[in-house]
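All of these numbers come straight from a predicted model, not from anything done at the bench. Within every chain, numbering begins at 1; the chains are lettered A, B, ... in the order of the sequence lines, protein sequences first and strands thereafter.
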Amino acid sequence: MRYSNMFIPTLRDVPADAEAISHILMLRAGFVRQLAAGLYIYLPLGWRVLNRINAIIREEMDAIGAQEISMPVLHPAEIWQQTGRWDAIGDEMFRLKDRSGRDMCLGMTHEEIMTWLASREIRSYRDLPQVWYQIQTKLRDEARPKSGILRTREFLMKDSYSFDASEEALEKNYTLHADAYHRIYERCGLRFFMVESDPGMMGGAVSHEFMAPSAAGEDEVAICSNCGYSANVELALSNPIRNEPVEMTREEVHTPEKRTILEVSRFLKLPASYFMKSILVMTDAGPVLALVRGDHDLHEKKLANVVGSHRPAQKTEVKEMLGIEAGFIGPMGHKVRIVADEALREGPFVSGANRPHYHIKGVSSADFEAEWHDIHVAKEGDLCAKCGGPLHVERVIEIGNIFKLGTKYSVPLKAVFLDESGQEKPIIMGSYGIGPARIAAAAIEQNNDKDGMVWPEGIAPFDVEILPLNVNDAKTMEVAEDLYRQLVEKKIDVLMDDREERAGVKFKDADLIGIPTQIVIGEKNLKEGLLEIKTRKTKETVKVKFEEAISHYLGR
RNA sequence: CGGGGCGUAGCGCAGCUUGGUAGCGCGCACGGUUCGGGACCGUGAAGUCGGAGGUUCAAAUCCUCUCGCCCCGACCA
């Protein structure tokens, strides 16, 4: 491609609305433009990147025997009603009616529709296994679109679905997907982890997420460098480092107006880990007092596994149930159910004294009756629950997930088959997603410098950019055109900046766009028969004879 | 949904406190000079001041409502 024929609207200034590095660079380098909150237009360069990522995904999916198909984006409500998700999912689903008043929705994902198809077409174990995938637009009315292309309301997703006759067969497809995902992310040049993820309320199901480390991410994972344990902090198990034992005599202390752990900790000059945090939540079965250590966060989902769904109590409810205002609650002397975190087993601690403006020192687990569970969020420095090694917590972008669904969709949608003995059984399913745009964003987040993007070779919009510095110089253009022709013949994606621009402008734009290799053709070097080959990542430049440019590039 | 911030030319911003009819930089067009890291000089085009209503002789500026975009939060007592 010739630059003069391409629409690459680069920006000198940083757009005011962008915060994440990937977002800023995608706007500045002319890869995307925003239409509305969470809706993005992909310009030629951005679209080329997505297509390259999609091509890699297709190759790897095809390689594990998955078959590409395409499903509608507009769905009839009935199918979603049959699995219960029409009601289970709230405002996140775009809903509409067609002209005859029939309820419809826009697809957030395609489990229902894929399963519907399987239910009509698959009869026998001989039809199994099947793995179907598509790269299709999904629509979700996100509560809060953010970080540019990372969380949008309309996005492309590669979603595949496996249909098997047995758990063992599902396991095989699951593993095939996990392996394929590893290859895909490697080819895309990403640093990533595969971590255990929250299987959700379904229980028994297994799922993993693929996570690319980046400050722009929305999730956190806990990683043990010792044994390799890695999990989303949403479910990561960990053993907190125990407090150094201290002498603490049992006594009430006056703590006027000191309600939060931070306030009391400062007031008593004692680290937060020596405090007991008492949090009242309301469940369907009544109030529950949750206790975690002062330096820990209560893990809502871990607690939910113990007490079921719950919500935080209102201030008035706290007063009503415990007879004390929030901020001075302690675990002693209450009749409510108490769930305490394991980290509180060995005291002593400081807790609220159940008396306004007083806390009490020297509290231990002997002072109250509780059920003991891990209900805290794993944090940096905690010890691995498996091997005791130190856990490292990292912020990440979720770039894919794989999920053992079992019969969650096949049963309600009657997707069944006859096994060898003629018995009717529900198909056992898995679903597997990848967000191509998130791969692109993560690649930028992980590979950039002050001058712009630094694309990994596998997914760059072009392989090489030729920079003829003076397009009005006949010799320069002769060499540039010759190079261009040769590279195109060799099926190398090449962009030639044939614009009548000053050298500085071309350099700046080339660095911003981040194509891995730049071939610079300047008049001075040309007089000696030389041109420059520059690596974007390292900024290293080598001068080579122009007859040797191609072979040098190919052999780099 | 709760909290905060911001909407003025394509982009980045000033002007608003103290009302008097809009300006700067970049970009864009044209001419000239330049020509290896976002050139310089000159000329020029381009804005319903997010929208509606109100106050006023007069509103970008004050008041009310509304729409949009961004950020934080949506368990931590």
Side-chain angles (χ1 to χ4, degrees), chain A residues 9-20 23-24 27-28 30 33-39 90-91 142-148 151 216 218 234 258-264 272 275-282 287-304 307 309-319 321-322 324-331 341 351-352 354 356 359 375-377 450-452 467-473 476 499-512 518 520-526 531-532 534 539 541:
Chain A
T10 58
L11 262 29
R12 201 189 289 234
D13 292 316
V14 176
D17 279 347
E19 194 105 332
H23 189 198
I24 291 171
L27 290 168
R28 281 197 58 211
R33 286 295 182 262
Q34 183 177 23
L35 173 65
L39 297 175
D91 294 335
E142 288 286 348
R144 191 181 153 205
K146 57 178 286 196
S147 305
R151 178 165 291 274
E218 295 182 272
E234 284 180 356
K258 304 290 184 276
R259 290 178 171 79
T260 66
I261 295 290
L262 186 64
E263 286 166 358
V264 189
F275 290 79
M276 216 178 253
K277 190 151 50 176
S278 309
I279 301 151
L280 189 70
V281 300
M282 305 299 285
V288 172
L289 192 62
L291 304 179
V292 294
R293 211 168 73 180
D295 59 328
H296 284 154
D297 291 331
L298 173 62
H299 198 302
E300 200 179 69
K301 284 176 182 168
K302 285 181 182 174
L303 181 63
V307 303
S309 67
H310 58 271
R311 60 168 176 82
Q314 318 247 310
K315 284 193 164 60
T316 52
E317 288 171 326
V318 172
K319 194 104 192 208
M321 301 293 169
L322 304 177
I324 174 71
E325 92 175 86
F328 305 103
I329 305 170
D341 186 72
S351 81
N354 292 320
H359 280 74
I375 56 168
H376 69 273
V377 178
K450 66 173 173 40
D451 294 314
L467 305 182
L469 296 185
N470 180 6
V471 297
N472 295 317
D473 178 62
T476 297
R499 293 177 301 167
E500 195 162 333
E501 283 287 356
R502 300 169 61 84
V505 173
K506 295 190 179 191
F507 287 135
K508 288 290 183 190
D509 278 338
D511 286 349
L512 182 58
Q518 299 171 11
V520 180
I521 303 170
E523 287 177 83
K524 283 170 198 159
N525 283 321
L526 216 48
L531 47 70
E532 291 166 86
K534 181 169 127 189
K539 296 276 177 77
T541 301

Taking the side chain of F507(A) as heavy atoms from C-beta outward, which of C71(B), C75(B), G36(B) is closest to it? G36(B)

A39(B) P sits how many Å from K506(A) NZ, rounded? 13 Å

P-based separation of C67(B) from G51(B) [nearest Å]: 15 Å

Please classify the nucleic acid contact of N472(A) as base, sugar-phosphate, or nothing, using heavy-atom distances under 4.0 Å. nothing

Does any N or O donor sit under 3.5 Å from an N or O acceptor when you compare the side chain of D509(A) with the base of G38(B)? yes

By the Watson-Crick or G-U definition, both distances under 3.5 Å, G19(B) is matched with none

Calculate, to the nearest 0.5 Å, the distance between atoms NZ and CG belonging to K524(A) and L469(A) respectively. 10.0 Å

To the nearest angstrom, how far is L35(A) atom CG from G68(B) atom P? 13 Å

Can you tell me, in whole Å, how much space there is between the C1' of G12(B) and that of G38(B)? 15 Å

Here's a test of your reading of the structure: between K277(A) and R502(A), which maps to the more 5' nucleotide of RNA chain B? R502(A)

Figure out the NZ/P separation between K146(A) and C69(B), and round it to whole Å. 16 Å

So how far is it from D341(A) CG to L298(A) CG, rounded to the nearest 0.5 Å? 8.5 Å

Distance criterion of 3.5 Å, no angle test: do you see the side chain of R28(A) paired donor-to-acceptor with the base of G38(B)? yes

Heavy atoms only, 4.0 Å cut-off, all strands: where does E501(A) land among base, sugar-phosphate and nothing? nothing

Measure from CD on E218(A) to P on C71(B) and round the result to the nearest Å. 10 Å

Could you tell me whether P9(A) contacts a base, only the sugar-phosphate backbone, or nothing, with contacts defined as non-hydrogen atoms closer than 4.0 Å? nothing

Contact class for T476(A) vs. all strands (heavy atom < 4.0 Å): base, sugar-phosphate, or nothing? nothing

Report the distance from atom CG of L469(A) to atom P of C35(B), rounded to the nearest whole Å. 14 Å

Strand partner of G68(B), provided both Watson-Crick or wobble distances fall under 3.5 Å: C6(B)

Between C24(B) and U66(B), how far apart are the C1' atoms? Round to whole Å, please. 31 Å

Please pick, from G37(B), G38(B), C70(B), the nucleotide with the shortest atom-to-atom distance to any side-chain atom of T10(A). G38(B)

Side-chain contact check for V520(A): nearest option of G38(B), C75(B), G36(B) is G36(B)

Nucleotide forming a Watson-Crick or wobble pair with G25(B), both distances under 3.5 Å: C11(B)

Ignoring hydrogens and angles, does a donor from either the side chain of K534(A) or the base of G36(B) sit under 3.5 Å from an acceptor on the other? no

Students often get this wrong, so: under 4.0 angstrom with heavy atoms, is D297(A) touching a base, only sugar-phosphate, or nothing? base

In the structure shown, which nucleotide is the Watson-Crick or G-U wobble counterpart of G47(B), with both distances under 3.5 Å? none

Spacing of D297(A) atom CG and I279(A) atom CD1 [to the nearest 0.5 Å]: 8.5 Å

Do R499(A) and V471(A) come within less than 4.5 Å of each other through their side chains, counting heavy atoms only? no

Please test R28(A) against V14(A) for side-chain contact (heavy atoms from CB on, under 4.5 Å), starting from the C-alpha separation and ending with a verdict. CA-CA 7 Å; R28(A) 281 197 58 211; V14(A) 176; 4.1 Å; yes

Using atom C1' in both nucleotides, what's the gap between A45(B) and G4(B) to the nearest angstrom? 39 Å

C1'-based separation of C40(B) from G47(B) [nearest Å]: 28 Å

Considering every strand and a 4.0 Å limit on heavy-atom distances, what is the contact class for E532(A): base, sugar-phosphate, or nothing? base

In whole Å, measure the gap between the C1' atoms of A9(B) and C28(B) for me. 11 Å

Does the structure show a Watson-Crick or G-U wobble partner for G53(B), both distances under 3.5 Å? Name it, or say none. C63(B)

When the C1' atoms of G27(B) and G44(B) are considered, how many whole Å apart are they? 14 Å

Between C72(B) atom C1' and R151(A) atom CZ, what is the distance in whole Å? 15 Å

For G73(B), what is the paired nucleotide under Watson-Crick or G-U wobble rules, both distances under 3.5 Å? C1(B)

What's the NZ-P distance between K450(A) and G37(B), to the nearest Å? 14 Å

Determine the contact category for V281(A): base if any of its heavy atoms lies under 4.0 Å from a base atom, sugar-phosphate if only primed atoms, P, OP1 or OP2 are that close, otherwise nothing. nothing

Nucleotide opposite C30(B) in a Watson-Crick or G-U pair, distances under 3.5 Å: G42(B)

Nearest to the D17(A) side chain among A74(B), G36(B), C70(B), which nucleotide is it? C70(B)

Euclidean distance, K539(A) NZ relative to D511(A) CG, rounded to 0.5 Å: 4.5 Å

Is any side-chain N or O of R12(A) closer than 4.0 Å to OP1 or OP2 of C26(B)? no

Using a cut-off of 4.0 Å on non-hydrogen atoms, how would the nucleic acid contact of A36(A) be classed: base, sugar-phosphate, or nothing? sugar-phosphate

Please determine whether the number of non-hydrogen atoms from other residues, nucleotides or ligands lying under 6.0 Å from atom CG of D91(A) exceeds 12. no

With a 3.5 Å cut-off and just heavy-atom distances, do the side chain of D13(A) and the base of G27(B) make a donor-acceptor pair? no

Mind checking the P distance from G50(B) to U8(B)? Whole angstroms is fine. 6 Å

Spacing of K506(A) atom NZ and N470(A) atom CG [to the nearest 0.5 Å]: 8.0 Å

If you pin K524(A) and I279(A) to their nearest nucleotides in RNA chain B, which one's is more 5'? K524(A)

Listed by chain and number, what are the side chain to side chain donor-acceptor pair (under 3.5 Å) partners of T476(A), not counting sequence neighbours? D473(A)

Can you tell me the distance, in whole Å, between the CD atom of E142(A) and the C1' atom of C69(B)? 17 Å

Side chain of K508(A) only, heavy atoms from C-beta on: which candidate in C72(B), G37(B), C69(B) is closest? G37(B)

